[in-house]
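One structure is given below, encoded as structure tokens.
Just so you know, these numbers use all the heavy atoms, side chains as well, and skip hydrogens, waters and symmetry mates.
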Amino acid sequence: MKKKKRSPLPLLPAGVTVVDTHCHLEMAAYQPDREEVLQASAKAGVTRVITIGIDLETSRQALELADRHGDVFATVGVHPHNVADISGADYESLRSLAAYPKVVAYGEIGLDYVKCYAPKEQQREHFQRQIELGRELNLPLIIHDRGAHDETMAALTAAAPFPAGGVMHCFSGNIHLAEQVMELGFHISIPGVVTFNKAEELHEVAARVPLSTLLLETDGPFLAPEPWRGKRNMPAYILYTADKIARLRNLSLEEVARQTTENAEKLFRLPARTPR
């Protein structure tokens, strides 16, 4: 059987860069070749990566990676899968970690009613506590919402406003949910799922919401876009996502790259970077 040929990585114009706003570089999937992955991404124009804490230990690891790499930034927080064992001491440790300059957001936090690795009641309790901590720290919030749109939005609406803003990570809702998210002043982050043929609701969101609200993410090592679906995702692959959004909006790849990079710089207060 003839092997299917994969489409090449889209090329950015010289001087144009992209930010991967959500990756899990500290995970074991990157352990064998993390340096090579980052080098390949930078060569492709994905010059800054935000690596995401999902519990206290990975928050520490994310910050350690950010300390070692000038173009890697970190977040701290506890994912809804991991809140069952969170303690008061953990909250104090997260608060301390968040004080480091390379921590640019609080999260990912939220609700996941699909897998329910932690009881829903505990998810709700710690979602509220972490919303409050993130607001107190004046950090943007990174929200995980899977199978819990109504309760997620209710919790966020009750806690509004959010002076530091936030982002609905790996957006999985329809255009009506996107409008609610934008009313909170949050950004909408588009993952590689947008490249899937059957992701029609996400296609509509990516095509219709203001470009000024969009961010790009891989959620690596998960959710690799076409043509790498089912394989390990990497920051460089975010260019497939950007290219799909450009085609949905009848824009150039450069326009999408420049605007989403500007959005990321503003939301996460990233330092200016010399063009490649």
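- In this view, Tyr117 and His81 satisfy the ring pair (Phe, Tyr, Trp, His ring centres under 6.0 Å) rule, not counting sequence neighbours.
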Tell me, with the steps shown, if Asp33 and Arg232 meet salt bridge (charged side-chain N to carboxylate O under 4.0 Å, His left out). CA-CA 12 Å; Asp33 59 349; Arg232 180 183 68 163; 2.8 Å; yes

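- Judged purely by distance below 3.5 Å, without hydrogens or angles, the side chains of His69 and Glu35 pair a donor atom with an acceptor atom.
- Under a 4.5 Å side-chain heavy-atom cut-off, the cluster of Ile, Leu, Val, Met, Phe, Trp and Tyr residues that includes Leu215 is completed by Val19, Ile50, Ile52, Phe73, Val104, Ile142, Val167, Leu267, Phe268, Leu270.
- Salt bridge annotation for Arg60-Asp55: absent, with no cationic side-chain nitrogen under 4.0 angstrom from a carboxylate oxygen.
- Applying the salt bridge (charged side-chain N to carboxylate O under 4.0 Å, His left out) rule to Arg269 yields no partners; only residues at least two apart in sequence or on another chain are considered.
- Contacts of Glu179 classified as side-chain contact (heavy atoms from CB on, under 4.5 Å), with partners at least two apart in sequence or in another chain: Ile175, His176, Met182.
- Think of Val114 as one node in a network of Ile, Leu, Val, Met, Phe, Trp and Tyr side chains linked at under 4.5 Å; it has no links at all.
- Comment: Glu255 does not engage Arg249 in a salt bridge, judged by the lack of any side-chain N to carboxylate O separation of less than 4.0 angstrom.
- With hydrogens and angles left out, the side-chain atoms of Tyr240 and Glu226 include no donor and acceptor closer than 3.5 Å.
- Side-chain contact, Thr58 with Glu26: no donor N or O sits under 3.5 Å from an acceptor N or O.
- A tilted orientation is assigned to the rings of His169 and His144, their planes being inclined by 30° to 60°.
- Contacts of Asp112 classified as salt bridge (charged side-chain N to carboxylate O under 4.0 Å, His left out), with partners at least two apart in sequence or in another chain: none.
- Using a 3.5 Å distance cut-off with no hydrogens or angles, the side chains of Gln123 and Tyr113 do not pair a donor with an acceptor.
- The CG atom of Asn233 sits 11.0 Å away from the CH2 atom of Trp228 when rounded to the nearest 0.5 Å.
- Remark: Arg129 qualifies as a cation-pi partner of Tyr91 under the 6.0 Å distance and 45° angle criteria applied to the six-membered ring.
- Distance check, rounded to the nearest 0.5 Å: CG of Asp243 to CG of Leu251 gives 11.5 Å.
- Taking 4.0 Å as the cut-off between side-chain N and carboxylate O, Glu262 and Arg258 do not count as a salt-bridged pair.
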